[in-house]
J.: 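Provided herewith is a single structure, encoded as structure tokens, for subsequent inquiry.
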Amino acid sequence: MVLELEKRLGRSLRAILKQKYDLEVANIPLETPPDLRLGEIATPIAFELARKLRKAPKIIAQEIVTALGEVEGFAHFEVAGAGYINARLDRAAAVRMMGWVQSGLPHAKGHALVEHTSINPNKAAHIGHLRNAILGDTFVRLLRAAGYKVDVQNYIDNTGVQVADVVVGFLHLERKSPVEIRTLIADSTKLAAGPEGYDAAIDYYCWDLYARTSQWYEQGTADEKAARKKLRLDTLHLIERGGNETAEIADLISIAVLRRHLETMLRLGIEYDFLPRESEILHLKFWDAAFEKLKKSGVLYFENEGKNKGCWVMTRPGAPTQPIQDDNGLKGTDDDAKVIVRSNGTVTYVGKDIAYHLWKFGLLGRDFGYKRFFQYPDHECWISAEAGEKEHPHFGDASAIYNVIDSRQSDPQANVVQALRGMGYAEQADHYTHFSYEMVALTPRCAIELGYEVVEEDRGRAYIEVSGRKGFGVKADDLIDKLIAATRAEVDARQTGGTGENADAERHKIARQIAIGALRYFMLKYTRNSVIAFDFKDALSFEGETGPYIQYAVVRIRNIFRKGGTSPEAALAELAELEPGRIAQFLSGEENDDIWALWLRAGRSSMVLEQCISGSEPAYLAKHAFQLAQEFANFYHRHHILTEEDPARKTLLLATAAITLRELVASLALLGIESPEAM
RNA sequence: GCGCCCGUAGCUCAGCUGGAUAGAGCGACUGACUACGAAUCAGUAGGUCGGGAGUUCGAAUCUCUCCGGGCGCACCA
């Protein structure tokens, strides 16, 4: 609602500036006044024009207000302060505008591809991965709500060193045979379903084994260390090549761990459409196709001199585009260039990534094979395969891509974009978004609480980085379990869900909804480039700026309708029957500002959604939902709806609750948070 | 050395493309349950927006510089 009105006002203002002063202003700055008493929308445009027109801002503002006359949806305009133009909305009209079911189907905006999670399939997911997956999943929901067709991908590096390390651990540290490994995986799946829970699961097993193997590389004599490092490299090469027993073991492990990751993420309502794997990128020769294009476009050149002699390299972003020349005009070498093909002929990570991203945009001329892998309640998740199923959906060919990858990888990401641009794909490069975010770290207190040794040097720090290699971190499933236990205790204390036959199932469901709400909100309330210093005290909090606070507002509204024997739909239908004059009466005056504030906030949702997408920042919506809930709590305490004697006013109050409910539930859903029936 | 990010209340963080008296949560202290359930609300205290200079009618926001912290700068992935 506010978005539409702002656009309308912007158009009117632009027309006036053109007609009156012959000025073309592309973007009229519009803002929210600090106080409702100053109106709902304001513009400081007169300040900007003061110099150009050589007139006082106040006079310009007055001229514009006079020229504006009447604009539909607005009550009136006024000049305030040193030259602000403040707009006051026609409150009754705004309310009636929102009361109708307006949203409709958003128009098609294009095909977006979001890649997130992408955990190395060699250990359990931890809180850092949760932030990635929750950010990515939420952004997917936002894009879909805005009208994009979205494919969700989870890239699986099943042939990298991390998987190799676990394979080395199984084969050489534990000296397990392939048969034993197979049995272990099968058994762990059964055990994890029983009382032992996730502690018995394969990803937990690998968590410890990976840490032990990493340590093992560093132990022993110099000769032993060298031998172990060689073992690691040989294992990696066997896995990359494929078609051997080591590669089969690696595949077994990575598939089993991957399934666990999908299960963990499903607990949070996170689903994927496609799982492209590195093994297929290698075996289907994506690189060969990319290499030809890179050479042809001149992005890659062969280095004959300097430290990168014998490599195919590319110029880094920001570096001079032409090879460096010395004082004598002789072409020198760019030692700072990025190596893409090593002197031994193998491709680096960035090289493979360029090929993969050409595929994402449909520019590679090759495709994956596709196999069914994981069944969700309402759709299938596919995985890449060398020889896939005949019938399969098609992925790739996106017009915009979003890579949810932590900020430490911004350099390689920039290299890939640079390569695309260099190949002439400027349009694609412009729609390539590195959706970067900062890591989740542990506070020293939290680390000590978990029983980790914290060296003196780290105790004074604000946070300590999580490390899979060291086995240092909080596992995702452990955290979820802990949250559910805590919410269940609260639910039991309140006897939410009653004491009847189905009480246990009901309470479990509610506890789960609240726990997930708390976790997702916790990961979304911080803006992307803020490091989260994780602490159980904050993550297990259900009060204040948290998911449960917002869910509680929803439950309260539902209780009102339940006790009042009516429904939100009925309340809005009744509102439509009310004459505008009465609505205006109930919304005018400062004593009713809190009611109007709720409508206004609720009416900002689509604007917030747009901001979230243009800024790639889900935190704006998290904040918005909280503020809406907060304003409702305020309203709730000030007005007792069900005992309101004036039926017309009661209708308006009920409609206010109905609109708030609609927007809260919708906002929570976009954040991936369910709205419980009771709590 | 080069690049990116950060520094706002005791703590954790918002502050949108520069705009009107800098906000929230937590913590502290006062109060409010016979109510549409207090996972709530009202109130109080608490900030030279890291320091300095500049641009501007106007700077937490833009530029420069300094200080302090984090992360990247592989023929690793």
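Proteins come first, then strands; the chains are lettered A, B, ... in the order of their sequence lines, and each starts at number 1.
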J.: What integer number of Å spans the P atoms of B/A32 and B/C71?
T.: 49 Å
J.: For A/V531, which contact category applies under a 4.0 Å heavy-atom criterion: base, sugar-phosphate, or nothing?
T.: sugar-phosphate
J.: Using the C1' atom in both, what is the distance from B/C57 to B/C4, to the nearest Å?
T.: 34 Å
J.: Taking atom types as modelled, find out whether A/T138 and A/R520 have a side-chain donor-acceptor pair closer than 3.5 angstrom.
T.: yes
J.: If you measure from the C1' atom in B/A20 to the same atom in B/G58, how many Å do you get, rounded?
T.: 10 Å
J.: Can you tell me if A/R461 touches the phosphate of B/G70, counting only side-chain N or O atoms and a distance under 4.0 Å to OP1 or OP2?
T.: yes
J.: Determine, for A/K509 against A/E674, whether the closest basic-nitrogen to carboxylate-oxygen distance falls under 4.0 angstrom.
T.: no
J.: Please examine the side chains of A/V466 and A/F534, heavy atoms only from C-beta on, and report whether any two atoms are closer than 4.5 Å.
T.: no
J.: Quick one: A/N529 CG to B/C16 P, roughly how many Å, whole number?
T.: 12 Å
J.: Can you work out whether A/P44 or A/E617 has the more 5'-proximal nearest nucleotide on RNA chain B?
T.: A/E617
J.: Does A/E305 CD have over 12 foreign heavy atoms under 6.0 Å away?
T.: no
J.: Could you check whether A/Y217 and A/D165, counting side-chain N and O atoms only, form a donor-acceptor pair closer than 3.5 Å?
T.: yes
J.: Give the C-alpha distance, both sets of side-chain angles, the deciding distance and a yes or no for salt bridge (charged side-chain N to carboxylate O under 4.0 Å, His left out) between A/E465 and A/R408.
T.: CA-CA 12 Å; A/E465 190 179 347; A/R408 286 172 293 192; 2.2 Å; yes
J.: Report yes if at least one side-chain N or O of A/N27 is closer than 4.0 Å to OP1 or OP2 of B/U17; otherwise report no.
T.: no
J.: Measure CZ/A/F632 against P/B/A39 and give the value in whole Å, please.
T.: 14 Å
J.: Under 4.0 Å between a Lys/Arg side-chain N and an Asp/Glu carboxylate O for A/E438 and A/R131?
T.: no
J.: Please name the nucleotide paired to B/C73 by Watson-Crick or G-U wobble geometry with both distances under 3.5 Å, or report none.
T.: B/G1
J.: Could you tell me how far B/C2 sits from B/U65 if I compare only their P atoms? Round to whole Å.
T.: 11 Å
J.: Between protein and nucleotides 25-37 of chain B, map the contacts as a letter string: B base, S sugar-phosphate only, - none, heavy atoms under 4.0 Å, written 5' to 3'.
T.: SS--------SBB
J.: Between A/R461 and A/E457, is there a side-chain N and carboxylate O pair less than 4.0 Å apart?
T.: yes
J.: Is B/C66 in the syn or the anti form, by the rule that syn lies within 90° of 0?
T.: anti
J.: Could you tell me the Watson-Crick or G-U partner of B/C36, where both distances fall under 3.5 Å? Say none if there is no partner.
T.: none
J.: Which whole-number value in Å describes the distance from A/R445 CZ to B/C11 P?
T.: 14 Å
J.: Starting at atom NE2 of A/H624, determine the distance to atom P of B/A24, rounded to an integer number of angstrom.
T.: 18 Å
J.: For nucleotides B/A59 and B/U55, find the distance between their C1' atoms and express it as a whole number of Å.
T.: 10 Å
J.: A/L49 near the nucleic acid: base, sugar-phosphate alone, or nothing, with a heavy-atom cut-off under 4.0 Å?
T.: nothing
J.: Name the nucleic acid region contacted by A/V554, choosing base, sugar-phosphate or nothing; use a 4.0 angstrom heavy-atom cut-off, strictly under.
T.: nothing
J.: Would you mind telling me which residue lines up with the more 5' stretch of RNA chain B, A/N86 or A/P29, judged by nearest nucleotide?
T.: A/P29
J.: Quick one: A/K623 NZ to B/G23 P, roughly how many Å, whole number?
T.: 14 Å
J.: Side chains of A/R562 and A/N559: do they bring a donor and an acceptor to under 3.5 Å?
T.: yes
J.: Heavy atoms under 4.0 Å, any strand shown: does A/Y526 hit a base, just sugar-phosphate, or nothing?
T.: sugar-phosphate
J.: Indicate, with a heavy-atom threshold strictly under 4.0 Å, whether A/F47 touches base, sugar-phosphate, or nothing.
T.: base
J.: Contact class for A/A50 (heavy atom, under 4.0 Å): base, sugar-phosphate, or nothing?
T.: nothing
J.: By the 4.0 Å heavy-atom rule, please label A/I532 as base, sugar-phosphate, or nothing.
T.: nothing
J.: For A/A42, report the nucleic acid contact type (base, sugar-phosphate, nothing); a contact means any heavy atom under 4.0 Å.
T.: base
J.: Using purine N1 to pyrimidine N3 plus N6-O4 or O6-N4 for Watson-Crick, or N1-O2 and O6-N3 for G-U wobble, both under 3.5 Å, which nucleotide pairs with B/A42?
T.: B/U30
J.: Would you mind pulling out the nucleotide paired to B/C64, Watson-Crick or G-U wobble, both distances under 3.5 Å?
T.: B/G52
J.: How many whole angstroms separate atom OH of A/Y463 from atom C1' of B/C13?
T.: 14 Å
J.: Under 4.0 Å between a Lys/Arg side-chain N and an Asp/Glu carboxylate O for A/K537 and A/D535?
T.: no
J.: Rounding to the closest angstrom, what is the interatomic distance between B/A9 and B/G43 at atom P?
T.: 23 Å
J.: B/G58 P sits how many Å from A/I45 CD1, rounded?
T.: 18 Å
J.: Rounded to whole angstrom, note down the C1' distance from B/A24 over to B/G46.
T.: 14 Å
J.: I want to know whether A/F632 and A/F635 have ring centres closer than 6.0 Å.
T.: yes
J.: Counting only Watson-Crick pairs (N1-N3 plus N6-O4 or O6-N4) and G-U wobbles (N1-O2, O6-N3), all under 3.5 Å, who is the partner of B/U12?
T.: B/A24
J.: Do A/Q551 and A/Y521 get their side chains close enough for a donor-acceptor pair, meaning under 3.5 Å?
T.: no
J.: Whole-Å distance between B/A20 P and A/E40 CD?
T.: 17 Å
J.: What string of B, S and - do you get for nucleotides 72-77 of chain B, 5' to 3', if B is base contact, S is sugar-phosphate-only contact and - is no contact with any protein heavy atom under 4.0 Å?
T.: SSSBSB
J.: Could you tell me how far B/C16 sits from B/C75 if I compare only their C1' atoms? Round to whole Å.
T.: 44 Å
